[in-house]
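Quantities reported herein were computed from a predicted structural model and do not represent experimental measurements.
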Amino acid sequence: MKALWAVLLVTLLTGCLAEGEPEVTDQLEWQSNQPWEQALNRFWDYLRWVQTLSDQVQEELQSSQVTQELTALMEDTMTEVKAYKKELEEQLGPVAEETRARLGKEVQAAQARLGADMEDLRNRLGQYRNEVHTMLGQSTEEIRARLSTHLRKMRKRLMRDAEDLQKRLAVYKAGAREGAERGVSAIRERLGPLVEQGRQRTANLGAGAAQPLRDRAQAFGDRIRGRLEEVG
């Protein structure tokens, strides 16, 4: 598990140190296994529809419908991200506090960037609606062309920050797994001597009057071994 965590950390650092803006594809390149990923994919699909700037999109942009629907998708995504992060935090119990704090800050920062991207997108669509209503000597085509360019740029930024959040959550999850394994090892270390004591007592006890004590010692040893099997 330590090796897995190390690989994830190297992958994350490599992405951070790469020069220039990474190439962005049209699709989010992951399987939507987690609820937050599924929620983000719904947001992403809606954004792809908005980006077509079809007649229906432009008509709905004139009202608040698109921004309202985007807001609902944004809130759903960020709620799922928070829930998943909380779930991982609960699994990080045995991990050192310093490690917990560092990973938590990294995930929180990535989460904030993605949320800010979504907020920027919503504000830009609201600005487009205002521009179309006022016009101010501009043609609709000019306004639409500016929006299309802006949406492409925002799409790239959203993709980059979404993938960054996924990588950091993967590192967080690896830390949670390692913490759980450390917890099991610690339990084994604590209970191991007790099992050995039970065995020694059973071996040292004589027959006859000592039989009840032997039975109790044997039962004690069996009980401890049962605990070990439960955690292992």
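- Residue Val66 comes nearest to Leu125 through the heavy atom pair CG1-CD1, 4.0 Å, listed as atom of the first residue, atom of the second, then distance.
- Sorted by first then second residue, the salt bridge (charged side-chain N to carboxylate O under 4.0 Å, His left out) pairs that include residues 67-88, not counting sequence neighbours, are Arg42-Asp76, Lys85-Glu89.
- Residue Gln38 comes nearest to Asn33 through the heavy atom pair NE2-O, 3.9 Å, listed as atom of the first residue, atom of the second, then distance.
- Under the 3.5 Å distance criterion, the side-chain polar atoms of Thr52 are left unmatched by any main-chain donor or acceptor of Arg48.
- Between Lys167 and Tyr172, the closest side-chain pair of non-hydrogen atoms is not below 4.5 Å.
- Interatomic distance, Gln68 CD to Gln65 CD, rounded to the nearest 0.5 Å: 7.5 Å.
- Annotation: side chain of Tyr84 is not in contact with side chain of Glu37 (no heavy-atom distance under 4.5 Å).
- Every pair passing salt bridge (charged side-chain N to carboxylate O under 4.0 Å, His left out) that includes a residue from residues 145-154 is listed here, sequence neighbours excluded: Glu131-Arg146.
- Atoms CE and CG, on Met159 and Leu114 in that order, are 11.5 Å from each other to the nearest 0.5 Å.
- Taking CG of Asp45 as the start and CG of Leu40 as the end, the distance is 9.5 Å to the nearest 0.5 Å.
- Nearest heavy-atom pair, Ser148 versus Leu53, reported as atom, atom and distance to 0.1 Å: CB-CD1, 3.9 Å.
- Pairing each heavy atom of Phe43 with each of Thr77, the nearest pair is CB-OG1, 4.2 Å.
- Counting all heavy atoms, side chain and backbone alike, Leu88 lies closest to Leu169 at CD1-O, 3.8 Å.
- Annotation: the span from Leu147 atom CG to Thr140 atom OG1 amounts to 12.0 Å, rounded to 0.5 Å.
- Rounded to the nearest 0.5 Å, atoms CE (Met118) and CG (Asn123) are 13.5 Å apart.
- Distance check, rounded to the nearest 0.5 Å: NZ of Lys105 to CG of Leu103 gives 11.5 Å.
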Report task. In sequence, state the C-alpha distance, the side-chain angles, and the governing distance for Lys173 and Gln34, and then conclude on side chain to side chain contact (heavy atoms under 4.5 Å, CB included). Result -> CA-CA 12 Å; Lys173 183 177 182 179; Gln34 297 298 333; 4.2 Å; yes
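- Note on Arg102 versus Glu106: salt bridge recorded, some NZ/NE/NH1/NH2 to OD/OE distance being below 4.0 Å.
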Requested in this report: Begin with the C-alpha distance, continue with both residues' side-chain angles, and end with the deciding distance and a verdict on side chain to side chain contact (heavy atoms under 4.5 Å, CB included) for His150 and Tyr128.
Outcome: CA-CA 11 Å; His150 198 77; Tyr128 170 80; over 6 Å; no
Query raised in the report: For Leu121 and Val50, what are the C-alpha separation, side-chain angles and deciding distance, and is it a side chain to side chain contact (heavy atoms under 4.5 Å, CB included)?
Result: CA-CA 11 Å; Leu121 172 64; Val50 171; over 6 Å; no
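- For residues 107-123, the set of pairs meeting the salt bridge (charged side-chain N to carboxylate O under 4.0 Å, His left out) definition, not counting sequence neighbours, comprises Arg113-Asp164, Asp117-Arg157, Glu119-Arg122, Asp120-Arg157.
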Query raised in the report: Between Arg155 and Trp44, does a side chain to side chain contact (heavy atoms under 4.5 Å, CB included) hold up when you go through it step by step?
Result: CA-CA 9 Å; Arg155 186 183 177 87; Trp44 193 255; 3.4 Å; yes
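- Heavy atoms only, all atoms of each residue included: Gly126 and Thr67 are closest at N-CG2, 4.2 Å.
- With contacts defined as side-chain heavy-atom distances shorter than 4.5 Å, the pair Gln111/Trp36 does not qualify.
- The number of heavy-atom neighbours closer than 6.0 Å to CG of Asp55, taken from other residues, nucleotides and ligands shown, is 12 or below.
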Requested in this report: May I have the step-by-step check of side chain to side chain donor-acceptor pair (under 3.5 Å) for Arg129 and Gln62, ending in yes or no?
Outcome: CA-CA 5 Å; Arg129 183 174 67 249; Gln62 302 311 306; over 6 Å; no
